[in-house]
Amino acid sequence: MSTLFGKFFTKPRPPGDGVSEIGFPTNVHHEFHVRKNEETGQLEGLPPPWLKLLNAQLTRKEQNANPGAAIQAIKYYNYSIKKKQNGTFKTLVTEEAIKEESEEIEKILGQNKDRALSEDKEASSSKKEAVTPPLPIKKEKPPVPPRKPAQLTYQHRNEERKQTDDALDEALKILTFDEDSIHPEIGNAPCHTESDSPVLRKKEIVTQKMTDEEVFAELRRICHPGDPYRRFERSKELGAGASGTVFIATDILKNQRVAVKDIDLSKQPRKELILTEIRVMKEFNHENLVNFLDAYLIHDHLWVIMELLDGGPLTDVVTETVMKEKQIAAVCKEVLKAINFLHLKGIIHRDIKSDNVLLGMDGTVKVTDFGFCANIVGDEKRQTMVGTPYWMAPEVVTRKQYGKKVDIWSLGIMAIEMIEGEPPYLKETPLRALYLIAAIGRPTVPRWASLSPEFQNFLDRCLQVDVEKRASADELLNHPFLKNCMELGSLTPLIRAAQKILQKAL
Ligand code: ATP
Ligand code: MG
């Protein structure tokens, strides 16, 4: 069988060329024919743009040490970029959705799951040595630097992200090859084609689309019918995300401040998904979630009214201040309550990180962005990847046994942010970070020795590469580390200090 991408990836293997084929630990399709050239140490059989990117960002030693992780990283990376380019609406994530997504990745990469599994089995039994590559040689880490002056640290983090974005942008240029020019038959081929290559339908054809008129009619029905301009007094803008802008407004009716997310539906390719989203969000209510309050439709703009968290994101606190262990425990407990609630409802957050934990000035801790996040097609640099990789569990990259527990791993990484001020590998480009997550697994925590045994054990339970061994939200809520939390009010001085430094008080 030759697949669309298989054709592109497969390189005929010249006899006796000094290369050895590598069996990969996971379901990488055999048709990749990825080989390591024994003389040059170079991975062969990958599309040239992929190789170029791998060579630019991973040393030969790293590729050699863990070729499986290198392939997984570039595969996931390439998929993420493609997905972003297609423009998606981040809906509530369920185990079912993840399964579909994994199938989509395989489709994109021209893989046949069943064959891959059986061939991988074959490969793993016949090439046992090659399947378990040694861990990469770890780079010598410089001694833990003392935390930098606050202002500097924040700029530093932003700068790192900017550099990362620039690297991504550069990578995009390399990776954006025109699919249709390589496979003009995609979506256009007649059904009675002679070729045995599977013809992939274009996404828009597969999706049973509602017409825009139908979507708007339904939205009008479920949104609040009144005029939002009469009810809300718009004030300060909080920022702009992928989906539009968020601003503060005063609800005159209830005499309270709210946050309003303004989504421009004309820029949203999959408007129908928003309907489901609003329906579900209306049902969701938890003290540790940034709750949805109402929705209004004004022409083609959707206003999502949410609770306002006036203390800003946890990121500001972790980058600017040093948190005490008992404060970290308090935040973990609140976030875990939200995760547990979502998991009980069958929802996986998939993007737990300090940026998505918002604080109230009184120390309230609430999780946001668990849905209702429209990623609109655009050329903003930060949109080039589906999620930031730094908080990703290894099984997200390798897509094995992928489910609810990804949120627990991310919580562990967020706990590291609260200890160190940033997640592991933040200074690395996203592709390198993906590789390191897949190759190294559990990251090291520089300040490990200074942590209490309870905290060390809590991190141990979160950061298990083996999903079976990783704790569930429910188990962690009973962990001894959370038995000794400081009051949430103790976070207020930290929030104030961070806001002062960043000149961000609302
Ligand atoms: P993404 O599009 O990936 O979600 P983002 O979180 O930066 O990116 P938005 O969700 O649009 O973008 O949020 C924009 C800004 O508004 C962020 O700084 C966010 O912290 C802030 N914000 C969002 N919701 C609230 C809220 N309910 N209360 C206070 N601030 C909020
Ligand atoms: Mg957001």
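Quick note: numbers below take in every heavy atom, side chains included, and nothing from hydrogens, waters or symmetry partners. Read the numbers this way: they start at 1 and go in the same order the structure lists the ligands and their atoms.
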Geometric N/O contact Thr368 with ligand 1, under 3.5 angstrom: no
Pair Trp448 + Phe455: ring centers closer than 6.0 Å: no
Within-cut-off N or O pair, Val290 and ligand 1, under 3.5 Å: no
Plane angle bin for His479 and Phe481 - parallel if under 30°, tilted between 30 and 60°, otherwise perpendicular: perpendicular
Heavy-atom proximity to atom 13 (O) of ligand 1, best of Leu506, Val246, Ile263, Leu314: Val246
Cation-pi, Trp409 ring and Arg350 (6.0 angstrom, 45 degrees): no
Under 4.0 Å to a heavy atom of Ala259 - the qualifying atoms of ligand 1, by number: 26 (C), 27 (N), 28 (N)
Polar contact flag, side-chain donor to acceptor under 3.5 angstrom, Asp251-Gln256: no
Part of Glu307 with heavy atoms under 4.0 Å of ligand 1, whether side chain, backbone, both or neither: backbone
Distance, nearest 0.5 Å, that separates OG of Ser354 from CH2 of Trp391: 5.5 Å
For ligand 1, the portion of Asp310 having any non-hydrogen atom under 4.0 Å away: neither
Per atom 29 (C) of ligand 1, closest listed option by heavy atom (Leu309, Leu293, Asp355): Leu309
Atom indices of ligand 1, in the order listed, that fall short of 4.0 Å to a heavy atom of Lys261: 9 (P), 10 (O), 11 (O)
Ring centre gap for Tyr390 and Tyr425 strictly below 6.0 Å: no
